[in-house]
Visitor: 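Okay, handing you the structure first.
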Amino acid sequence: MVQLWKLVLLCGLLAGTSESLLDIRGNDVLRRLISGLERGLGTFDSTIEIIFQNLKTELESRCLNDVVEETQQTENSLEGLISRIFQVVNRLTGVRIRNVQVPDITFEATSENSANVSIPITADVTVSLPLLGEIVKLDLNVDLQTSVSIETDAETGDSRVVVGECPNNPESISLTVLHRRPGLLNDVVDFGVNLVRQLVSSVVQHELCPRIRELLESLDTECIKKLIGEPQVTTQQEI
């Protein structure tokens with residue numbers, strides 16, 4: 001038997017009076033996500049922690065070399081971690097985020113002991129509603145940015161790794177509509193886009209950024225120095 005609220009939602013969508021019903025639906029989805037994030041998504045899937053620890057080990061092993069060269073293995077490991085996180089998000093919210101890719105991880109040296117870190121993420125997103133099924137498919141682009149530096153204590157001379165803020169900037173989340181269900185009101189499509197934006201923003205703030213911070217802080221200063229490399233020297237051209 002179809003639940004009454006689903007019939008009411010469908011009638012509202014068809015009549016164009018569904019804004020408040022969609023708000024209720026969106027708030028319920030976000031409430032379930034935030035509750036899961038507060039518990040930690042790793043409590044829903046122990047594989048997340050296993051992949052994360054393997055990623056740490058893989059980076060540490062790379063740092064044993066004199067020069068830390070870029071490898072696809074790190075990107076693949078990070079893709080696996082993020083994919084697993086979004087699988088749990090799908091179970092909690094019904095929003096499906098697949099085909100996660102991390103094209104490149106870059107350390108742009110700003111000085112001898114500091115660098116800006118950029119981690120671009122792309123994925124495909126599908127938003128569904130009860131009775132209607134899929135309402136919109138989206139292309140997702142997220143650019144995680146932070147900084148890392150090595151600071152030395154003036155009194156003890158000990159060095160430590162310092163990771164900067166990972167700002168949860170809405171502008172770093174780009175969503176492009178790839179396909180929308182024919183005949184749907186724009187308000188319904190906008191609901192799907194806005195829901196995904198809020199959902200991804202919450203995951204970035206509460207799950208992805210803390211993971212990146214922990215990953216960088218787990219590395220020793222020598223490893224960070226190798227990842228930073230040499231700062232790029234720019235020269236001014238005479239006009």
Side-chain angles (χ1 to χ4, degrees), residues 29-30 32-65 68-107 115-126 138-148 161 163-168 172-174 196 198-224 226-228:
V29 168
L30 292 173
R32 283 185 272 120
L33 174 64
I34 294 300
S35 176
L37 289 170
E38 289 175 348
R39 288 179 56 185
L41 298 188
T43 61
F44 296 89
D45 187 348
S46 60
T47 307
I48 290 177
E49 296 302 331
I50 294 173
I51 296 175
F52 185 57
Q53 294 304 321
N54 289 342
L55 180 58
K56 282 184 179 181
T57 302
E58 193 271 327
L59 266 180
E60 290 169 356
S61 65
R62 283 177 57 194
C63 285
L64 296 176
N65 301 323
V68 181
E69 299 179 351
E70 292 187 7
T71 67
Q72 190 62 41
Q73 184 175 351
T74 302
E75 282 82 0
N76 291 343
S77 298
L78 191 55
E79 286 174 3
L81 174 66
I82 297 171
S83 295
R84 205 75 186 192
I85 287 171
F86 281 133
Q87 285 178 26
V88 176
V89 170
N90 176 227
R91 285 160 50 189
L92 292 171
T93 67
V95 175
R96 189 170 57 192
I97 302 178
R98 302 183 302 173
N99 300 328
V100 173
Q101 294 185 358
V102 179
D104 195 17
I105 303 172
T106 59
F107 286 76
N116 293 325
V117 184
S118 178
I119 304 175
I121 302 168
T122 66
D124 300 329
V125 186
T126 303
L138 305 167
D139 177 55
L140 169 67
N141 286 271
V142 183
D143 189 12
L144 295 185
Q145 294 185 342
T146 186
S147 62
V148 64
V161 176
V163 181
E165 293 296 321
C166 177
N168 185 23
S172 68
I173 301 173
S174 173
V196 172
Q198 294 179 70
L199 183 152
V200 172
S201 178
S202 295
V203 174
V204 167
Q205 179 180 357
H206 297 287
E207 188 72 25
L208 296 184
C209 280
R211 294 277 182 184
I212 298 302
R213 171 182 288 275
E214 183 179 347
L215 181 64
L216 292 174
E217 288 180 342
S218 71
L219 304 175
D220 60 33
T221 56
E222 289 303 314
C223 180
I224 293 297
K226 293 175 182 178
L227 289 170
I228 290 174

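Side chains included, hydrogens not; waters and symmetry mates left out as well; all remaining heavy atoms used.
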Visitor: Can you list everything that forms a salt bridge (Lys or Arg N to Asp or Glu O under 4.0 Å) with E79? Sequence neighbours excluded, please.
Guide: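 Expected list: none.
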Visitor: Evaluate the side-chain hydrogen bond (donor to acceptor under 3.5 Å, both in side chains) criterion for residues T47 and D45: first the C-alpha distance (whole Å), next the side-chain angles of each, then the deciding distance (0.1 Å), finally the verdict.
Guide: CA-CA 5 Å; T47 307; D45 187 348; 3.1 Å; yes
Visitor: Checking N141 against D139 for the side-chain hydrogen bond (donor to acceptor under 3.5 Å, both in side chains) test, could you report, in this order, the C-alpha distance in whole Å, the side-chain angles of both residues, the deciding distance, and whether it holds?
Guide: CA-CA 7 Å; N141 286 271; D139 177 55; 3.0 Å; yes
Visitor: Between F52 and R211, is there a cation-pi geometry (under 6.0 Å to ring centre, at most 45° from the normal)?
Guide: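 R211 over F52 ring: yes.
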Visitor: Of all heavy-atom pairs between V100 and A123, which one has the smallest distance, and what is that distance?
Guide: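 Taking every non-hydrogen atom into account, CG2-CB, 4.0 Å.
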Visitor: Using every non-hydrogen atom in the two residues, find where G164 and T146 come nearest and quote the distance to one decimal.
Guide: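 Looks like O-OG1, 3.0 Å.
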Visitor: Quick one: pull up OG in S174 and CG in L140 and give me the separation to the nearest 0.5 Å.
Guide: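 One gets 8.0 Å once the value is rounded to the nearest 0.5 Å.
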Visitor: To the nearest 0.5 Å, tell me how far R98 CZ sits from S83 OG.
Guide: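 The distance works out to 11.0 Å.
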Visitor: Using a 4.5 Å cut-off on heavy atoms from C-beta on, say whether the side chain of T74 contacts that of L55.
Guide: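 Touching, per the 4.5 Å side-chain cut-off.
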Visitor: Just how far is it from atom CG of L216 to atom CG of L227, taken to the nearest 0.5 Å?
Guide: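 Here the rounded value is 8.0 Å.
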Visitor: Please determine whether a side-chain nitrogen of the Lys or Arg among K56 and E217 lies less than 4.0 Å from a carboxylate oxygen of the Asp or Glu.
Guide: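 Looking at E217 together with K56, the answer is no, because their closest N to O distance does not fall below 4.0 Å.
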Visitor: Got a second to check how far I34's CD1 is from S202's OG, nearest 0.5 Å?
Guide: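 Atom-to-atom, I34:CD1 and S202:OG are 4.0 Å apart.
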Visitor: With side-chain contact (heavy atoms from CB on, under 4.5 Å) as the test, would you mind laying out the steps for L199 and L33 before giving the verdict?
Guide: CA-CA 8 Å; L199 183 152; L33 174 64; 3.7 Å; yes
Visitor: Between I228 and V148, what is the shortest heavy-atom contact and its length?
Guide: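 Of all heavy-atom pairs spanning I228 and V148, the closest is CD1-O, 4.4 Å.
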